[in-house]
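All of these numbers come straight from a predicted model, not from anything done at the bench. Only this structure's heavy atoms are used, side chains among them; waters, hydrogens and symmetry mates stay out. Sequence lines set the chain letters: A, B, ... in the order given, protein chains first and strands last, and positions in each chain run from 1.
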Number of protein chains: 2
Amino acid sequence: MNKREAILETAVSLFAEKGYNQTSMQEIADGVGISKGSLYSFFTSKEELMISIYEHYQQLVFERVFIIGLDEDLPPLQKLEKQFTVQFEGILEYKAYMKMHMRGEAATNSKKISAMEHRMRGRLFSWLEKSLVSLYGEELSAYKWDMLFMIQSIYRTYMMLMVSGKAKISPAKIGKHIVRQLEAMAIDFIRGNSHPILDEEMMKDFVVEMDKEGVFISFEKREQAWKTFYTKLKDLEKSEASSLKEIANRISEETRKSRPEMVVIKGLFALLKENGEIAAAAKVLENEILSE
Amino acid sequence: MNKREAILETAVSLFAEKGYNQTSMQEIADGVGISKGSLYSFFTSKEELMISIYEHYQQLVFERVFIIGLDEDLPPLQKLEKQFTVQFEGILEYKAYMKMHMRGEAATNSKKISAMEHRMRGRLFSWLEKSLVSLYGEELSAYKWDMLFMIQSIYRTYMMLMVSGKAKISPAKIGKHIVRQLEAMAIDFIRGNSHPILDEEMMKDFVVEMDKEGVFISFEKREQAWKTFYTKLKDLEKSEASSLKEIANRISEETRKSRPEMVVIKGLFALLKENGEIAAAAKVLENEILSE
DNA sequence: TTTCACCCCGACTTAATAGTCATTTTGAAG
DNA sequence: CTTCAAAATGACTATTAAGTCGGGGTGAAA
């Protein structure tokens, strides 16, 4: 078994349970069943261990949302609902990690860790913002910020409930529920029953801070590869594209699993590469995925 | 100047800024301009210091809401709105304390502190629950939990924005806004457009946990004194009661200030005690308030 | 000026834990 | 069985910070 991953898993569950500062490297080593010295041969510091945790899990939890976002056939509301659903599926799967992240306590120790946590929160924000804009466009601008903050807070609350294990709720139900809340809010604003209290001026600093971290613009390499691939796919004629997209979706599904089967992924990519026009993009994407 | 309070203030702002674990007793002592030794003559441990902070501020921030709750002349919705408003006024006044509390980081170190933070959150919950029940009664039961969690999360989000200082919003506006969201949600549930996803069964553990802490039932002595007093007041005839209530409100207003004037409070109580029927209750309340 | 009670100080002790490195163990190859 | 390089170990060092305590300063009264 991969020792590095065993360390990450143990560390995550200890950090989630007792907190970053309250967990010693010795405890982590004991938990994995190795010595402190060995632990330090994998991660040169506690900080690096924490950063590796973020690098390892962040992608796993958020990529699936991004990929659904690329699917242009789904109507916006349904797409958002599906995104929330897979998001909550991810949360359920990586409970301990989300719990650790939600404590947000490690951030106080290190600039780097703080930047990662901040960035992760920013990602959620950025995604929600894009979704809101694509749903309501111009009409939205006046109450965009209030909706962003309110929906994000509701999202976080259900996430918290899920992670704490107190309520066993199906991801699909929460997805539906949150989207309905979003709609109800939007309607109330549009009808003029609700009035926004946040505005562009107030949020100026906030936007600057987000931009500084690059959350509104940057993409991970892997996500970029997906994007390029889907763009290529769109250029193909309909009939051909849809079957290829099904294959691509199956790949994305496989990568989401905690223990993806490499053979399956390779096989699916082999199918994709049979089409000359997208072979190159598929190759790039494959490398990006298999390099993990 | 009162050194004990100076320590509390310095500690709160350091804890808010850097976090509990990242702030040393030496720094606090330096901040106040005394030595570590002296610091330990006021508080025998870091934990006790933190607990004293909670004891000192908790009451200050929440009592005002409770007192408005006792006023039975206000229609329910307006009452709730006013309660949110004064609540946010309190948050604004004790920003550093709220910031510290929201980090919620100290809890990981001590059972006692964790219990206090938990209790404080529970108080908010309990207050919201009572408000919801008095607003919607039986009709509410099916979607009570979802509304509780959603409204509480929205409340926390605006509190966070206020405390972070990023957005300068008036408490009155937020009060109105949150109540409107509550209404819109309730309407959506009642019309059957939204469907609850939390139910009594799921929340069983949660309720038990709350009850264990006593947040759904217990009152502080001071609040109990207020309650008794207002009950007595209600027994008087209308004309007399209203002028006395005004005096009582003025007292509550004074106690809310960061530096209440004791003379003013004593004077107002003297007025109240002129009425034989409520003199006893007034005396109890006065003692409770002045003993602080 | 001297005395004395009181308060205040900061160097010291103690404990926890991040990070290091000389030594030991392991297991594969000869 | 012997060799040896790589991996694993845990005793050790260094640092940080909570909590203690004996000595020193202060100011009022004589």
Side-chain angles (χ1 to χ4, degrees), chain A residues 1-55 100 103 105-117, chain B residues 1-55 100 103 105-117:
Chain A
M1 191 224 188
N2 186 343
K3 209 168 276 181
R4 199 187 133 94
E5 272 183 37
I7 295 171
L8 289 176
E9 264 178 46
T10 305
V12 161
S13 69
L14 283 170
F15 287 157
E17 192 190 324
K18 325 186 358 164
Y20 181 78
N21 288 305
Q22 278 59 52
T23 303
S24 72
M25 291 299 262
Q26 189 61 63
E27 285 174 283
I28 296 169
D30 291 350
V32 186
I34 59 173
S35 71
K36 203 140 74 93
S38 299
L39 181 52
Y40 274 94
S41 75
F42 286 97
F43 305 95
T44 58
S45 71
K46 201 179 180 183
E47 186 187 24
E48 200 210 292
L49 171 56
M50 184 52 130
I51 289 168
S52 302
I53 287 172
Y54 271 102
E55 280 169 354
M100 183 202 85
R103 299 184 75 121
E105 174 208 0
T108 54
N109 280 37
S110 140
K111 278 262 169 286
K112 273 191 196 170
I113 296 174
S114 146
M116 292 212 94
E117 292 192 345
Chain B
M1 192 223 184
N2 186 343
K3 209 167 276 178
R4 199 188 132 93
E5 271 182 37
I7 295 170
L8 290 177
E9 265 178 44
T10 305
V12 161
S13 70
L14 284 170
F15 287 157
E17 193 190 323
K18 324 184 359 162
Y20 181 78
N21 288 304
Q22 278 58 53
T23 303
S24 71
M25 291 298 261
Q26 188 62 62
E27 283 174 282
I28 295 169
D30 291 350
V32 184
I34 59 172
S35 72
K36 205 143 71 91
S38 299
L39 181 53
Y40 274 94
S41 75
F42 287 96
F43 305 96
T44 57
S45 71
K46 201 180 182 183
E47 185 187 23
E48 198 210 296
L49 172 56
M50 184 52 127
I51 288 169
S52 301
I53 288 172
Y54 271 102
E55 279 170 356
M100 182 202 87
R103 298 184 75 121
E105 174 207 357
T108 53
N109 280 38
S110 139
K111 277 263 170 283
K112 274 190 195 170
I113 297 175
S114 144
M116 293 212 92
E117 292 192 345

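Spacing between atom CG of B:Leu14 and atom P of D:dA17 amounts to 13 Å, rounded to whole angstrom units. Rounding to whole angstrom units, CG of residue A:Leu39 and P of C:dT20 are separated by 12 Å. Here the P atom of nucleotide C:dT17 and the CG atom of A:Leu49 are 16 Å apart, to the nearest Å. In this structure, B:Lys46 places its NZ atom 15 Å from P of D:dT20, rounding to the nearest Å. The distance from atom OH of B:Tyr40 to atom P of C:dC12 is 18 Å, rounded to the nearest whole Å. Note: CG (A:Asp30) to P (D:dT9) measures 11 Å, nearest angstrom.
For the contact set between residues 16-27 of chain A and DNA chain C, defined by any heavy atom under 4.0 Å, the members are A:Thr23, A:Ser24, A:Met25.
For D:dG10, the OP1/OP2 oxygens have no side-chain nitrogen or oxygen of A:Lys36 closer than 4.0 Å.
Separation of atoms CE (A:Met50) and CE (A:Met116) is listed at 10.5 Å; rounding is to 0.5 Å. Note: B:Glu48 CD to B:Glu55 CD = 8.5 Å, rounded to the nearest 0.5 Å. For the atom pair A:Ile7 CD1 and A:Arg4 CZ, the distance stands at 8.0 Å (nearest 0.5 Å). With values rounded to the nearest 0.5 angstrom, A:Thr44 atom OG1 is found 10.0 Å from A:Leu49 atom CG.
With sequence neighbours excluded, the residues that form a ring-ring contact (aromatic ring centres under 6.0 Å, His included) with A:Tyr54 are A:Tyr97, A:His101. Every residue meeting the side chain to side chain donor-acceptor pair (under 3.5 Å) condition with A:Glu27, not counting sequence neighbours, appears here in chain and number order: A:Lys18, A:Ser24.
Closest non-hydrogen pair, B:Ala11 versus B:Ile53, comes out as CB-CD1, 3.9 Å. The two atoms that bring A:Leu14 and A:Thr23 nearest to each other are O-OG1, 3.5 Å, heavy atoms only.
A heavy-atom distance below 4.5 Å is not found between the side chains of B:Val12 and B:Glu9.
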Expected rows: protein N/O vs nucleotides 13-16 of chain D N/O, under 3.5 Å:
none

Any protein N or O atoms within reach of nucleotides 6-8 of chain D? Criterion: under 3.5 Å, listing atom names and distances.
residue: D:dA8; atom: OP1; partner: A:Lys3; partner atom: NZ; Å: 3.0

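With hydrogens and angles ignored, the 3.5 Å screen pairs a side-chain donor or acceptor of B:Lys46 with a backbone N or O of B:Tyr20.
Nearest-nucleotide mapping onto DNA chain C: of A:Ser45 and B:Gly33, the residue sitting toward the 5' end is B:Gly33.
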Distance-only donor-acceptor hits, side chain of residues 36-43 of chain B, under 3.5 Å, sequence neighbours excluded:
residue: B:Ser38; atom: OG; partner: B:Ser35; partner atom: OG; Å: 3.3
residue: B:Ser41; atom: OG; partner: B:Ser38; partner atom: O; Å: 2.6

